[in-house]
Amino acid sequence: MAIPTILVFGATGKIGGALLDALLPDHAAGRVKLVAAVRRPDAAPAFEARGIEARLIDLDLAETRGLEPLVGALRGVDRVFLLTGYDVKMIAQSKAAIDAARAAGASQIVHLGVHASPDTTIVHFAWHQVVEAYLDRSGVDATHLRPTSFMQNLPLLLQVGGGEPGVLRHYIGDAQTSWIDTGDIARVAAVVLREPKAHAGRAYGLGTEAASMPEIAALIAAVTGLPWRYEAREPAEFLRAMTALGADPVYMACVRNVFERTRNGSLKDAADTFDTVQRVTGRAPITLREYVEKNRAVFSYEGRPGDRRIETA
Ligand SMILES: NC(=O)c1ccc[n+]([C@@H]2O[C@H](COP(=O)([O-])OP(=O)(O)OC[C@H]3O[C@@H](n4cnc5c(N)ncnc54)[C@H](OP(=O)(O)O)[C@@H]3O)[C@@H](O)[C@H]2O)c1
C-alpha cells in the first residue's frame, strides 16, 4: 500500500507546528509522508532540514489566481489538516482549501474549529460552524476538532495587557473559562490523521480544565513563589491593544464579545470541559499547573514576557 501523504496547514503556527512534531516519528518510520504548507518561502528551509517537504501555499491568493494553482499544490495529498489564522478571511481561506483538496483527490480533512453550542451567536464561532457545514457536504471524510481557550494564550496576555511584573490582566472578570494545551490538540489531531476511517464524521470537544483568572494567578504564584495577582480589565481595552498590534479588527471584535459575554455569564458553554484527550490519545491531558511548571521562566519576571521559548509538550 502507498504511504499516505498528510499536508498540514498552519505549519508555522502553534498547533500545526506541534502536529508536525507529533507525526514526525511516523514520517521517519515511513508510515506517513508529511508535507508542511508554508506561505513564505523563507519558512521552508526549517522544515526541509527536518526531512519534511514544504509546499508554498497562500490561501489568500485563490481569489486572484483562481483555484487551479491550489489544486496543483495539493496534488498527491491524501489527508489534510486544515487550520486558519485569526482573521475574517478564514471563511474564504477554508472554502478554497476544501474545494482544492476535494478536486485534488484528498480523502480526509481534519478541521481545527472552536467549541461552541450549535446555536451560538458569537460571530467567529459561527464562521467556524459554517466552515464545518461546508466541509460536511464536501464528500470528503471529515473530523472536526473544537478547542476552547489555549493555555498558550497566557504568555500572550502578558504582552497584550502590559502591566508591571506579577500582574496578569484579562478581560473576563472572575468568570471561569475552559483551557487546553495546544500540544494536546495536536496529539488528538495526530491520532485522527493516522486513522481516518475511525474518526470520520466525528466532532471532538477539546477543553480539559476550567479555571478563572484569579485561580490561574494564584496557581502561577504558587508555582513561581512570586506574588502574582490578577487585574480585571475592560474587554474594549483588549480590542484596542490587539488592533494596535496589527491584528484583524473584525476577528478581534468577536473575541472582545466572547470576553464580555463570559464576564456577564451569558456564554453558557464558556467553561465546558471534555474527556476527549484521554479517550482519543489514551494519555492524560496537560493540566494548567503542568503548563505553568513547564513555562516557569515566562512567569518569573526575568526579561520581557514572551521573550522565552514556550514549551507545549
Ligand atoms: N487561541 C485560542 O484560544 C483559540 C481557541 C479555539 C480555537 N482557536 C482557533 O485556532 C486557530 C489558530 O490556531 P493557532 O493559534 O495554531 O494559529 P497561529 O499560531 O496563529 O498560526 C496560524 C497559521 O496559519 C497560517 N496562515 C495564515 N494565513 C494564511 C494564508 N493566507 N494561507 C496559508 N496559511 C496561512 C500562518 O502562517 P504564517 O506563519 O505565514 O503567518 C500560521 O502558520 C484559529 O482558527 C482560531 O479560531 C483558537
Side-chain angles (χ1 to χ4, degrees), residues 7-22 35-44 46-47 54-65 69-70 73-74 80-97 100-101 110-116 120 122-132 144-157 160 170-172 177-186 188-189 204-208 238 242 245-248 250-252 254-255 258-259 262 267 269-270 272 274 291 310 312:
L7 180 131
V8 175
F9 280 106
T12 51
K14 292 186 283 299
I15 296 171
L19 175 59
L20 287 169
D21 291 345
V35 176
V38 298
R39 63 172 172 163
R40 290 172 285 107
D42 61 349
F47 295 101
R55 292 194 193 170
L56 204 55
I57 301 180
D58 183 340
L59 291 169
D60 291 334
L61 296 181
E63 186 176 18
T64 48
R65 296 188 183 170
L70 191 49
L74 292 177
V80 174
F81 177 72
L82 175 56
L83 176 145
T84 49
Y86 300 87
D87 196 301
V88 61
K89 288 186 285 190
M90 60 167 273
I91 312 164
Q93 291 167 351
S94 301
K95 180 180 184 299
V110 179
H111 172 246
L112 193 289
V114 70
H115 169 62
T120 189
I122 294 290
V123 168
H124 68 314
F125 292 177
W127 295 339
H128 273 305
Q129 292 180 347
V130 167
V131 169
E132 287 186 0
H144 307 300
L145 306 184
R146 297 171 176 168
T148 58
S149 303
F150 301 168
M151 293 180 191
Q152 281 70 10
N153 294 347
L154 292 172
L156 298 178
L157 284 173
V160 173
H170 204 335
Y171 314 89
I172 56 172
T177 195
S178 172
W179 301 89
I180 183 161
D181 184 281
T182 51
D184 278 331
I185 301 170
V188 169
Y204 293 126
L206 290 163
T208 51
F238 169 83
M242 291 303 291
L245 288 169
D248 174 27
V250 182
Y251 189 103
M252 289 303 156
C254 303
V255 180
V258 170
F259 293 160
T262 302
L267 204 60
D269 39 18
D272 290 352
F274 308 86
Y291 172 78
I310 313 297
T312 57

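If you read the sequence from its start, that first residue is 1, and numbering goes on from there. Whatever order the structure lists ligands and atoms in, that order sets their numbers, starting from 1.
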* Asked: Under a 4.0 Å heavy-atom limit, does Arg39 contact ligand 1 with its side chain, its backbone, both, or neither?
  -> side chain
* Of the protein's non-hydrogen atoms, which lies at the shortest distance from atom 46 (C) of ligand 1, and what is that distance? -> Tyr251 OH, 3.4 Å
* To do: Please verify whether a non-hydrogen atom of Thr148 lies at under 4.0 Å from ligand 1.
  => yes
* **Ser149 neighbourhood, listing ligand 1 atoms whose heavy-atom distance to it stays under 4.0 Å** => 3 (O)
* To do: Check ligand 1 against His128 and write out every atom of the ligand that is under 4.0 Å from a heavy-atom position of the residue.
  => 45 (O), 46 (C), 47 (O)
* Nearest neighbour of atom 18 (P) of ligand 1 from the list Met151, Arg146, Gln152, Lys14, on a heavy-atom basis -> Lys14
* Phe9/Leu112 under side-chain contact (heavy atoms from CB on, under 4.5 Å): CA gap, chis, key distance, verdict -> CA-CA 10 Å; Phe9 280 106; Leu112 193 289; over 6 Å; no
* For side-chain contact (heavy atoms from CB on, under 4.5 Å), just list the numbers for Leu19 and Leu83, CA-CA rounded to whole Å, side-chain angles, deciding distance to a tenth of an Å, and then say yes or no. => CA-CA 11 Å; Leu19 175 59; Leu83 176 145; over 6 Å; no
* Using the six-membered ring wherever Trp is involved, compare the ring planes of His111 and His128 and label them parallel, tilted or perpendicular (cut-offs 30° and 60°). => tilted
* Structure fact -> The protein heavy atom nearest to atom 42 (C) of ligand 1 is Thr12 OG1, 3.5 Å
* To do: Please verify whether a non-hydrogen atom of Gly113 lies at under 4.0 Å from ligand 1.
  => yes
* Structure fact -> for atom 32 (N) of ligand 1, nearest protein heavy atom and its distance come out as Leu59 N, 2.9 Å
* To do: Would you give the length of the straight line joining atom CE of Met252 to atom NE2 of His124, rounded to the nearest 0.5 angstrom?
  => 8.0 Å
* To do: Decide whether the shortest distance between a heavy atom of Gly16 and an atom of ligand 1 is less than 4.0 Å.
  => no
* Structure fact -> atom 21 (O) of ligand 1 has as its nearest protein heavy atom Gly13 CA, 3.4 Å
* side-chain contact (heavy atoms from CB on, under 4.5 Å) assessment of Met242 paired with Val160 -> CA-CA 7 Å; Met242 291 303 291; Val160 173; 3.5 Å; yes
* Asked: Just wondering, do Tyr86 and Val255 contact through their side chains at under 4.5 Å, heavy atoms?
  -> no
* To do: Report the part of Met90 (side chain from C-beta onward, or backbone N, CA, C, O) that has a heavy atom under 4.0 Å from ligand 1; answer both or neither where that applies.
  => neither
* Asked: How close do Ile57 and Ala37 get, heavy atom to heavy atom, and via which atoms?
  -> CD1-CB, 4.1 Å
* Gly183 and Asp181: which non-hydrogen atoms are nearest, and at how many Å? -> N-OD1, 2.6 Å
* Looking only at non-hydrogen atoms, which of Leu112, Thr84, Val114, Leu70 approaches atom 9 (C) of ligand 1 most closely? -> Leu112
* Taking the side chain as every heavy atom from C-beta outward, state whether Val110 and Val80 have any pair of such atoms under 4.5 Å apart. => no
* Asked: Does His124 have a heavy atom less than 4.0 Å from any atom of ligand 1?
  -> no
* **The one among Leu61, Asp60, Leu83, Asp58 that brings a heavy atom closest to atom 13 (O) of ligand 1** => Leu83
* Asked: Looking only at heavy atoms, is any part of Gln93 under 4.0 Å from ligand 1, and if so is it the side chain, the backbone, or both, or is it neither?
  -> side chain
* Phe9 to ligand 1, any heavy atom closer than 4.0 Å -> no
* Report the C-alpha distance between Lys89 and Tyr251 in whole Å, list the side-chain angles of each, state the deciding distance to 0.1 Å, and finish with yes or no for side-chain contact (heavy atoms from CB on, under 4.5 Å). => CA-CA 9 Å; Lys89 288 186 285 190; Tyr251 189 103; over 6 Å; no
* Top protein contact for atom 24 (O) of ligand 1, by heavy-atom distance -> Gly10 CA, 3.8 Å
* Quick one: does Thr208's side chain have a donor or acceptor within less than 3.5 Å of a partner on Trp179's backbone? -> yes
* Structure fact -> atom 48 (C) of ligand 1 sits nearest the protein heavy atom Phe150 CZ, 3.2 Å
* Nearest protein heavy atom with distance in Å, relative to atom 16 (O) of ligand 1 -> Ile15 N, 3.0 Å
* Asked: What closest approach, in Å, do Ala96 and Ala62 show between heavy atoms, and which atom pair accounts for it?
  -> CB-CB, 3.9 Å
* To do: Would you confirm whether Asp248, through its side chain, and Val88, through its main-chain N or O, come within 3.5 Å as a donor-acceptor pair?
  => yes
* Do Thr182 and Gln152 have side-chain N/O donor and acceptor atoms under 3.5 Å apart? -> yes
* Which ligand 1 atoms does Pro147 reach within 4.0 Å, using its non-hydrogen atoms? -> 6 (C), 7 (C)
* Asked: Nearest heavy atom to atom 3 (O) of ligand 1: which of Ile57, Leu19, Asn153 does it belong to?
  -> Asn153
* atom 15 (O) of ligand 1 - nearest protein heavy atom and its distance -> Tyr86 OH, 2.6 Å
